[in-house]
Amino acid sequence: MKKQATILTLLALLLLTFSASALAAAPAKPAAKKPAAAPAKSMEELNTTLAAFAQVCAREMNESILPCKAKKEVLPAGDGFLARYIEVDASRIDTHVVKSDSSVVPYIGYMTYTETWFHCRGKTREEALNADCTEAGSKQIQELIKYMGGKWTY
């Protein structure tokens with residue numbers, strides 16, 4: 001038992017000695033380069049890019065929101081049916097940019113948009129799906145958008 005402990009101790013010392021000499025002989029790794037900071041943009045450029053980003057967000061919301069115009073929800077309503085859907089009006093989006101105190105998120109964008117509900121009525125399910133729809137209500141929503149690494153992120 002004593003012999004095994006002595007052998008293990010010697011092996012550990014040998015390993016430590018070899019590791020230390022290998023580390024000393026290894027060339028030093030160059031310091032990792034930091035990514036270059038994004039060039040500063042004017043507030044006008046930031047507002048323009050945020051407005052364009054907001055239009056992309058509106059399109060993506062309209063494609064993913066349910067119920068949407070292409071996939072209306074149909075419910076029985078009185079003696080007929082009600083088809084309904086939600087839509088983000090891309091023409092009514094308001095954006096503005098504010099400088100922040102953070103070096104990681106140097107700018108915050110505010111995106112305000114309107115989510116509108118539409119109702120379509122018909123005597124049958126099919127009539128409701130194909131009927132002219134009317135605006136049934138709306139809700140104004142404000143989102144905060146981060147400007148990080150030279151681009152807007154939602």
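- Pairs engaging residues 46-85 under the disulfide (SG to SG under 2.5 Å) rule: none recorded [sequence neighbours left out].
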Exercise for the section: Kindly determine whether T114 and K139 satisfy side chain to side chain contact (heavy atoms under 4.5 Å, CB included), including the steps that lead there. Expected result: CA-CA 6 Å; T114 303; K139 174 173 63 171; over 6 Å; no

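- Grouping the Ile, Leu, Val, Met, Phe, Trp and Tyr side chains by contacts below 4.5 angstrom, directly or via other members, places Y147 with Y154.
- When the shell of 6.0 Å around NZ of K123 is examined, it contains 12 or fewer heavy atoms from other residues, nucleotides or ligands.
- Looking at N62, its side chain does come within 3.5 Å of a backbone N or O of V88 through a donor-acceptor pair.
- Remark: Y110 engages H96 in a ring pair (Phe, Tyr, Trp, His ring centres under 6.0 Å) (not counting sequence neighbours).
- Rounding to the nearest 0.5 Å places OG1 of T112 at 4.0 Å from CD of Q142.
- A donor-acceptor pair under 3.5 Å links the side-chain atoms of E45 to the main chain of S42, judged by distance alone.
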Exercise for the section: Apply side chain to side chain donor-acceptor pair (under 3.5 Å) to Y85 and E73, showing your working. Expected result: CA-CA 6 Å; Y85 68 94; E73 178 181 38; over 6 Å; no

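- Using a distance-only test at 3.5 Å, with no hydrogens or angles considered, no donor-acceptor pair links the side chain of K72 to the main chain of A83.
- Between the side chains of W117 and S138, no donor N or O sits under 3.5 Å from an acceptor N or O.
- Qualifying side chain to side chain donor-acceptor pair (under 3.5 Å) partners for D89, counting only residues two or more places apart in sequence or in other chains: S91.
- Under a hydrophobic-cluster definition in which Ile, Leu, Val, Met, Phe, Trp and Tyr are linked whenever side-chain heavy atoms come within less than 4.5 Å, directly or via other members, M61 and F118 are assigned to different clusters.
- Two residues are said to be in side-chain contact when any heavy atoms from C-beta on lie closer than 4.5 Å; L82 and V74 fail this criterion.
- With rounding to the nearest 0.5 Å, the separation of CD in E87 from OG1 in T116 is 7.0 Å.
- Linking Ile, Leu, Val, Met, Phe, Trp and Tyr whenever their side-chain heavy atoms come within less than 4.5 Å leaves L75 and F81 in two separate clusters.
- Here disulfide (SG to SG under 2.5 Å) pairs that include residues 110-150, with residues two or more places apart or in two chains, are C120-C133.
- Taking the side-chain contact (heavy atoms from CB on, under 4.5 Å) definition, one finds that V105 meets it with S102, I108, K146, M148, sequence neighbours left out.
- For the residue pair A131 and R121, the shortest heavy atom distance occurs at CB-O, 3.3 Å.
- Rounded to the nearest 0.5 Å, atoms CZ (R92) and CD (E115) are 12.0 Å apart.
- Under the 4.5 Å side-chain heavy-atom criterion for ILVMFWY residues, a single connected hydrophobic cluster contains both L144 and V104.
- Interatomic distance, CG of L46 versus CZ of F53, reported as 13.0 Å (0.5 Å rounding).
- Taken from NE2 in H119 to CG in D132, the straight-line distance is 15.5 Å, to the nearest 0.5 Å.
- For the atom pair M111 CE and W152 CH2, the distance stands at 11.0 Å (nearest 0.5 Å).
- For Y113, the ring pair (Phe, Tyr, Trp, His ring centres under 6.0 Å) test picks out no residue, with sequence neighbours left out.
- Side chain of N47 to backbone of V97: a donor-acceptor contact under 3.5 angstrom is found.
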Practice task
Starting from the C-alpha separation in whole Å, work towards a yes-or-no answer on side chain to side chain contact (heavy atoms under 4.5 Å, CB included) for L50 and I145.
Solution key: CA-CA 8 Å; L50 178 60; I145 312 296; 4.2 Å; yes

